[in-house]
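Since the structure is predicted, the reported quantities are computational estimates derived from the model, not experimental observations. Quick note: numbers below take in every heavy atom, side chains included, and nothing from hydrogens, waters or symmetry partners. Order of the sequence lines sets the chain letters (A, B, ...), proteins ahead of strands, with each chain counted from 1.
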Number of protein chains: 2
Amino acid sequence: MLSEGVILEEKEISQAVIGRLPRYFRYLGELKDEGVERISSQDLSELMKVTASQIRQDLNNFGGFGQQGYGYNVEYLYHEIGKILGLDRQHNFIIIGAGNLGRALGNYINFEKRGFIFRGMFDENPALIGSRIRGVKVMPMNEIEHFIRENDIDIAVLAIPKSGAVAVAEKLVRTGIHAIWNFAHVDLNVPEGIQVENVHLSDSLMKLSYNIRKAAPNGE
Amino acid sequence: MLSEGVILEEKEISQAVIGRLPRYFRYLGELKDEGVERISSQDLSELMKVTASQIRQDLNNFGGFGQQGYGYNVEYLYHEIGKILGLDRQHNFIIIGAGNLGRALGNYINFEKRGFIFRGMFDENPALIGSRIRGVKVMPMNEIEHFIRENDIDIAVLAIPKSGAVAVAEKLVRTGIHAIWNFAHVDLNVPEGIQVENVHLSDSLMKLSYNIRKAAPNGE
DNA sequence: TAGATTGTTAATCGATTAACAATC
DNA sequence: TAGATTGTTAATCGATTAACAATC
């Protein structure tokens, strides 16, 4: 390939590691709020119930954040992980689907604290158009494309039934959306480079159901 | 140990496998609805974008559901996976927290189709007590324990802020709940045998944020 | 029977844990 | 300096994939 060596590929980090970062971030945030200044991988491992080895391996994928004989500075590590997770940027998101789940997500103010800004909401139900969730207007579906382009939207939250989800996702892809946070119970096939994160609630509930049955095979 | 050999341990199945079962179940349900009678691991693997080998390995943890030269009967396999997931049983659940998320979950009727029955809702806000979600009454928090014992509740859905979640979880454990579906952004430490399934929405969003940044390192 | 496809064993790959030299 | 603890290499473990004999 011509571009060989031109684009510096970051080392590919496994999704297993990525998936643990938010949890580290959460624990470090709590330690910070408690005024803890430094922590060793050993102490953190006891708190989080993982191995110290895993913590050190995970962090060293991104750089040497600690200091021998000292451990990790809590506030520094907290901010570094935040940067790794992209929380130093602002992300504008829209919610598609103004049903119960969509409205619940729109009302969830904690996202704003992490730089995720709720910009718009869309629904196909004419009765909902014009109503507001935390000041954000519900707009008709045919305005999605224009809105995304005009308002620098990064993330579309898909909170509609699965019947319409695939078609809407395809439309979103055409607008150049970067990422879809998918709550519909269907797998979206999007082109390379567009990020999809699934929250399949019923899958999660089924997993719980399996584990209940396994723990109490005879019904009680 | 005295009980050695008395209790027949089922082979321990990894959570990686369990986590894939609901997805198999979903695809088989769709195939069934489309009238497809049988499918080979090869064809299913192309549909689901996993290896045929993984499908066969996964299923064979639970038994030989297929037939050489034929493949798998869709309807049969669908029902068998349903049984493995415990969907042949009824699960009664309550929701704790009648905020936006709790109400959205209470209104989600698809859970009923899978045998998860919404029985009660609890909140500490007196203004909400007595209101109803799909006919289910919102009750005060101090009635939780009595209600769980009287109504054969299996699952408590925790849809409250993290500040109160740990204390409520401890209370639930004392009532003998089997399982907690935890939407609070905190890890619950419960005794062995009580199942916890976490839905950490902000963790999920942070993962998405990481992947956006990685795909577009320079902001666009 | 011949062809298809499973169930299952073996090989590979990747992730986790252990160990320890480097270094603060 | 001595003790503590990281960063990193090596060993282990587990999960995924490949291969193929069994069998419908």
Residue B/R56, side-chain atoms from C-beta onward, closest of D/dT16, D/dG7, D/dA19: D/dA19

Taking 4.0 angstrom as the limit, do A/D203 and B/R26 come out as a salt bridge? yes

Rounded to whole Å, CG of A/L59 lies from P of D/dT8 at a distance of 12 Å

Is it true that A/R20 and A/D58 have a side-chain N and a carboxylate O under 4.0 angstrom from each other? yes

Please report, rounded to the nearest Å, how far the P atom of D/dT8 is from the CD1 atom of A/I55. 17 Å

Parallel, tilted or perpendicular, judged at 30° and 60°: which one describes the rings of A/F111 and A/F93? perpendicular

Residue met sooner reading DNA chain C from 5', once B/G69 and A/V17 are mapped to nucleotides: B/G69

Can you tell me the Watson-Crick or wobble partner of C/dT23, both distances under 3.5 angstrom? D/dA4

Out of C/dT5, D/dT16, C/dC24, which has the shortest distance to the side chain of A/Q68? C/dC24

For C/dT16, does OP1 or OP2 lie under 4.0 Å from any side-chain N or O of A/S53? no

Between atom OH in A/Y76 and atom P in D/dT6, what is the gap in whole Å? 15 Å

Grab the OH-P distance between A/Y72 and D/dA4 for me, whole Å please. 18 Å

Output the rounded distance in Å from CD (B/Q54) to P (C/dT9). 18 Å

Check: D/dT9 base within 3.5 Å donor-acceptor of A/Q57 side chain: yes

Just the rounded figure in Å: distance from P of C/dG7 to CG of B/N61. 12 Å

Within this structure, what is the CG-to-P distance between B/N60 and D/dT16, rounded to whole angstrom? 15 Å

I'd like to know if the side chain of A/N92 pairs up with that of A/R119 as donor and acceptor (distance under 3.5 Å, no hydrogens or angles considered). yes

Integer-rounded Å distance: D/dT6 C1' and A/L77 CG: 13 Å

Find out whether A/I133 and A/F118 are in side-chain contact, i.e. whether some heavy atom of one side chain is under 4.5 Å from a heavy atom of the other. yes

Contact list please: residues 31-49 of chain A against DNA chain D, heavy atoms, distance less than 4.0 Å, in numerical order. A/S40, A/S41

Residues A/D187 and B/R23 bridged, charged N to O under 4.0 Å: yes

Pairwise 5' ranking along DNA chain C for A/D58 and A/Q67, keeping only the more 5' one: A/D58

OP1 or OP2 of C/dG7 versus the side-chain N and O atoms of B/Y70: is any pair under 4.0 Å? no

Would you call the rings of B/Y76 and B/F65 parallel, tilted or perpendicular, where under 30° means parallel and over 60° means perpendicular? perpendicular

Write down the partner of D/dA18 under the Watson-Crick or G-U wobble criteria, each distance required to be under 3.5 Å. C/dT9

